[in-house]
2 protein chains.
Amino acid sequence: MKLGEGVEAAIHCAAMLAGVDGDATISGAAMAEAFGLSPSYLLKHLNMLSAARILESVSGPAGGYRLARPAERITLLDIVLAVEGREPAFRCGEIRRNGPVRLDASAYVKLCGINVAMLKAERAYRAALAEAKLSDIVAEYMTDADPRSVAAGCAFVARHQRPRKSSSTKQA
Amino acid sequence: MKLGEGVEAAIHCAAMLAGVDGDATISGAAMAEAFGLSPSYLLKHLNMLSAARILESVSGPAGGYRLARPAERITLLDIVLAVEGREPAFRCGEIRRNGPVRLDASAYVKLCGINVAMLKAERAYRAALAEAKLSDIVAEYMTDADPRSVAAGCAFVARHQRPRKSSSTKQA
DNA sequence: GACACTGTACTCGGATACGGATTGTCCGAGTCTAAACGG
DNA sequence: CCGTTTAGACTCGGACAATCCGTATCCGAGTACAGTGTC
């Protein structure tokens, strides 16, 4: 029962990318600097998000990452599953049939009740995560967080997003 | 997002122990044999359940394990937390304040919104697990599972529970 | 014959190695930019 | 002066080690039972 710490980085990066203009990108190195992470390692997780069609990556000097679809259509569940894998946390090893009392497979057509209960709990977990849209996260951050933190974050994305839209509106 | 396989073993053992008489016990070796597990390793998890006051252990030739309280008052959450640890799966590393823009701590009095969302999901997970009582698991097993499996299980506990209540009622 | 003592066998409990997964890092493939050269 | 070429630098992407946690195992502490000797 432990999530890798890459999940936190992935969500933070996705939230930051939700604040850039439609086509602009932010490089992985910039985001690594923003959160004090190892650039090479952060790329690994961003890569998984790209493979899951959550982010788009563009190469080249002006390259970087951007959201593959609007933040309203990205949930925390998408990110968590992309980074941690889609298989459930509880994997029933069917140890009930490993004992000395060997019955044939017809006795185990029904799922293990323990497995059912655990999977039900995990469905609740995923449902709660599926209701948390990325747009809600950033909206809540904009209104609730400390204004200094919001200003610093917006300034950071405005400074690092490329191509630099100096004439466009500085949104967060 | 992965649970150790010891959780499955712990729940199965607890369910088996729910079927013994009030004071009778089953040895760890017997349960390891019942599920085809390594005896020495199963002891480790049973030990954690004992430390969490879910099981009681008695030493000696007629020793073993038994439930510390009625199965109605034991939930899957208790077992999972005892084996996997009580700390939440998502641990916020506060990477938001690791960046180059260093604000003082007063800017971070509010919890990270991402952390809030993840903890909310985990509360849902634990709530679902807290509603699954061990007595429900065994009751469902008695009624729904294959009769051959139920009979074999009851025979196993009747054969291995100690002190052997040969004259008492052979319940499951 | 009954009681107390001692030895034994069986149990749990904690300390000790091993393997795999996660974490962290490096170098190569691809691409856009920008300068330099020629017309 | 303008178009083309070419070199450069910056980006992502995958392949390669180090470290930590989960897995597996062994040996020691403790206890109830059984046998034996004595009263």
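Every chain is numbered from 1 and lettered A, B, ... according to where its sequence line falls, protein lines coming before strand lines.
For the OP1/OP2 pair of C:dT23 and a distance below 4.0 Å, the side-chain nitrogens and oxygens of A:Tyr41 include at least one atom meeting the criterion. Contact annotation: A:Asn47 reaches the phosphate of D:dG14 (side-chain N/O to OP1 or OP2, under 4.0 Å). The side chain of A:Arg162 places no N or O atom within less than 4.0 Å of a non-bridging phosphate oxygen (OP1 or OP2) of C:dC32. Between D:dG13 and A:Ser57, a contact under 4.0 Å exists linking OP1 or OP2 to a side-chain N or O. The side chain of A:Tyr65 contributes an N or O atom lying less than 4.0 Å from OP1 or OP2 of D:dG13.
In this structure, A:Lys133 does not pair ionically with A:Glu72, as no charged nitrogen and carboxylate oxygen lie closer than 4.0 Å. Between A:Asp78 and A:Arg69 a salt bridge is recorded (basic side-chain N to carboxylate O distance below 4.0 Å). A salt bridge is defined here as a Lys NZ or Arg NE, NH1 or NH2 lying under 4.0 Å from an Asp or Glu carboxylate O, and A:Arg96 with A:Glu94 meets this definition.
Of the candidates D:dC21, C:dT23, D:dT23, the closest approach to any side-chain atom of A:Lys2 belongs to D:dC21. Taking only side-chain atoms of B:Ser38, from C-beta outward, the nucleotide of C:dG24, C:dC12, D:dT25 with the closest atom is D:dT25. When distances run from any side-chain atom of A:Pro61 to the nucleotides C:dT33, C:dA21, C:dT16, the shortest one goes to C:dT33.
With DNA chain D read from its 5' end, the first of the two nearest nucleotides for A:Ser40 and A:Gly63 is the one closest to A:Gly63. Each of A:Leu3 and A:Ser59 was matched to the nucleotide of DNA chain C holding its nearest heavy atom; the match closer to the 5' end belongs to A:Leu3. For the pair A:Ser27 and B:Ala62, nearest-nucleotide mapping onto DNA chain D gives the more 5' position to A:Ser27. Nearest-nucleotide positions on DNA chain C place B:Gly28 closer to the 5' end than the other of B:Gly28 and A:Glu84.
In this structure, CD1 of A:Ile26 is placed 13 Å from P of D:dT11, rounded to the nearest angstrom. Atoms CG (A:Leu43) and P (C:dA29) sit 17 Å apart, rounded to a whole Å. As a whole-Å value, the separation of A:Leu42 CG from C:dC26 P is 16 Å.
A donor and an acceptor atom, one from each side chain of A:Arg73 and A:Ser135, are nowhere located under 3.5 Å apart.
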>> Let's go through A:Tyr141 and A:Ser149 carefully: what are the C-alpha distance in whole Å and the side-chain angles of both, what is the deciding distance for side-chain hydrogen bond (donor to acceptor under 3.5 Å, both in side chains) to 0.1 Å, and is it a yes or a no?
In response: CA-CA 9 Å; A:Tyr141 171 73; A:Ser149 174; 2.9 Å; yes
